[in-house]
2 protein chains.
Amino acid sequence: MTATSGRPAAASDAGRGAGGGLDDEGVGSGAVMDDTVAAVVRQWRSVHPALDTGPMEVIGRINRCAALLQQAEDAPLRRAGLSRPEFDLLGALRRTGHELTPSELAKETFSSGAAVTKRLKQLTERGLVERRGDARDRRVAHLRLTDAGRDLVDGILPEQLAYETAVLSVLAPEGQGELAGLLAELLGRLEGRMGALRA
Amino acid sequence: MTATSGRPAAASDAGRGAGGGLDDEGVGSGAVMDDTVAAVVRQWRSVHPALDTGPMEVIGRINRCAALLQQAEDAPLRRAGLSRPEFDLLGALRRTGHELTPSELAKETFSSGAAVTKRLKQLTERGLVERRGDARDRRVAHLRLTDAGRDLVDGILPEQLAYETAVLSVLAPEGQGELAGLLAELLGRLEGRMGALRA
DNA sequence: AGCATGTATTTTACTTGTAAAACACCATCG
DNA sequence: CGATGGTGTTTTACAAGTAAAATACATGCT
């Protein structure tokens, strides 16, 4: 749980046409799932038959999955009165185990410094986070979880993971593994290169 | 291109532990990519060794991929002065080929009615969309693209797809196909069930 | 016809995020 | 030492989304 913020989209991009051989079905099933994205791609192809709708099948689905998963995923968090960005921030403090500065929190949660400032203000007021000034450099602040904050995170985490496990169980374990692997490969390369391409 | 809105998150959830056998590497490569999510998962496991961090490997990566892809993907759109939600709306009108009501647009772009109202106001002012009242039922409106709107969409679409193709080319074609297939399976089942689970 | 109810759309009030500017402070160089 | 420039953080002004209330109609029932 817990990345940064989030709010994916609807349906989109290119089809798998560009790709190559393999068609659908990942591992075990046999039927081609007909999802929303497939329908959208079909519409585009009928309007612009010449277009290579390949990327839509991948990017459109990633976006749509992210949207659906987050909607679902946020449920356990809301029960605890936290938004996902808030939980991400607390989670960063919890998993690193040590204090972090606002800048570090921004990097860790993939959000802007201003957004972090606002969240910290609220979380501090709620008593989940504590602030300490740096002795050497009075510009920087160090944030840490209060006991209440730590307990909250530790309480939510198992629920969150259990819920996510349930949601993902629509895929067989091998499918989950394959998916994780492919996404890791894509993500690793995207994170590495990002910035090279400039449309 | 073009789902609805979007704005995924950082790193999160469970590991692949829950899953089963297979480890990484999707198809052709051999090295395990070390992405941001893997690092986050390692941190969580070192703090809470008992936790099943399985789902994180999948959900965290989907979110992060969506975030990165959108940031990149939006570039061609911004060049045309459109946000993705705006383009999604125009795209829905273009691909369906006929007029749509605000409600239908909301469904099609996965956004709220209020959001659609606001976007329509702007797009209409920009002369990309036209409104027509329904004769039978004066509550409903029918929206259609103007010539300028249609031309804009048709002009952007190829750029967008080409750009996405380039971004995805970090994955081999077979990898793209497998990924699309697995995501289709996940998405199809999520869209089918969503609502059943309630944490 | 008259009214209760339901639906399509918009409006309102508010929340949250962002970009850019403002602050506050360190560090270095002359 | 005092100006110059750079960095960490917060503030400001603004853009965009949401939930819930408000509007404006249509419908079905009596």
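First the proteins, then the strands, lettered A, B, ... as listed; each starts at 1.
- Between B:Arg138 and D:dT23 there is no side-chain polar atom (N or O) within less than 4.0 angstrom of OP1 or OP2.
- Separating the CD atom of A:Gln122 from the P atom of C:dT15 is a distance of 9 Å, rounded to the nearest angstrom.
- Contact annotation: A:Arg84 does not reach the phosphate of C:dT16 (side-chain N/O to OP1 or OP2, under 4.0 Å).
- Counting to the nearest Å, the P atom of D:dT9 and the NE2 atom of A:His142 are 8 Å from each other.
- The structure places CG of B:Leu187 at 6.0 Å from CG of A:Leu68, a figure rounded to the nearest 0.5 Å.
- One can place CG of A:Asp134 at 12 Å from C1' of C:dC25, the figure rounded to the nearest angstrom.
- Straight-line distance from the CD atom of A:Glu86 to the C1' atom of C:dT15: 11 Å, rounded to whole Å.
- Rounded to a whole Å, the CG atom of B:Asp137 is 12 Å from the C1' atom of C:dG6.
- Within 4.0 Å (heavy atoms only), A:Thr117 reaches at least one base atom of the nucleic acid.
- Of the candidate nucleotides C:dG17, C:dT10, C:dT18, C:dT18 has the atom lying nearest to any side-chain atom of A:Ala114.
- A:Leu120 and A:Val140 fall into different hydrophobic clusters, where Ile, Leu, Val, Met, Phe, Trp and Tyr are joined by side-chain heavy atoms under 4.5 Å apart, directly or via other members.
- Rounded to a whole Å, the NZ atom of A:Lys118 is 14 Å from the P atom of D:dA15.
- Here B:Glu104 lies out of heavy-atom contact (under 4.0 Å) with every strand.
- No continuous path of hydrophobic side-chain contacts links A:Val47 to B:Leu93 [ILVMFWY only; heavy atoms under 4.5 Å].
- The base of D:dT9 is not paired with the side chain of A:Arg139 by any donor and acceptor separated by under 3.5 Å.
- Computed from coordinates, the B:Arg119 CZ to C:dT10 C1' distance equals 15 Å when rounded to whole Å.
- The closest side-chain donor-acceptor pair between A:Ser46 and B:Arg95, if any, does not fall under 3.5 angstrom.
- Using a 3.5 Å distance cut-off with no hydrogens or angles, the side chains of B:Ser111 and B:Arg119 do pair a donor with an acceptor.
- In this structure, the nucleotide among D:dT18, D:dT9, D:dA26 sitting nearest to the side chain of A:Val140 is D:dT9.
- Contacts of A:Ser83 with the nucleic acid, taken as non-hydrogen atoms under 4.0 Å apart, are absent.
- In this entry the distance linking CG of B:Leu143 with C1' of C:dT10 reads 13 Å, nearest Å.
- Taking only distance into account, the side chain of B:Lys121 never meets the base of C:dT11 through a donor-acceptor pair shorter than 3.5 Å.
- If you check C:dT10, C:dA20, D:dT9 against the side chain of B:Arg131, the one that comes closest is C:dT10.
- Here B:Ser112 reaches the OP1 or OP2 of D:dT18: one of its side-chain N or O atoms lies under 4.0 Å away.
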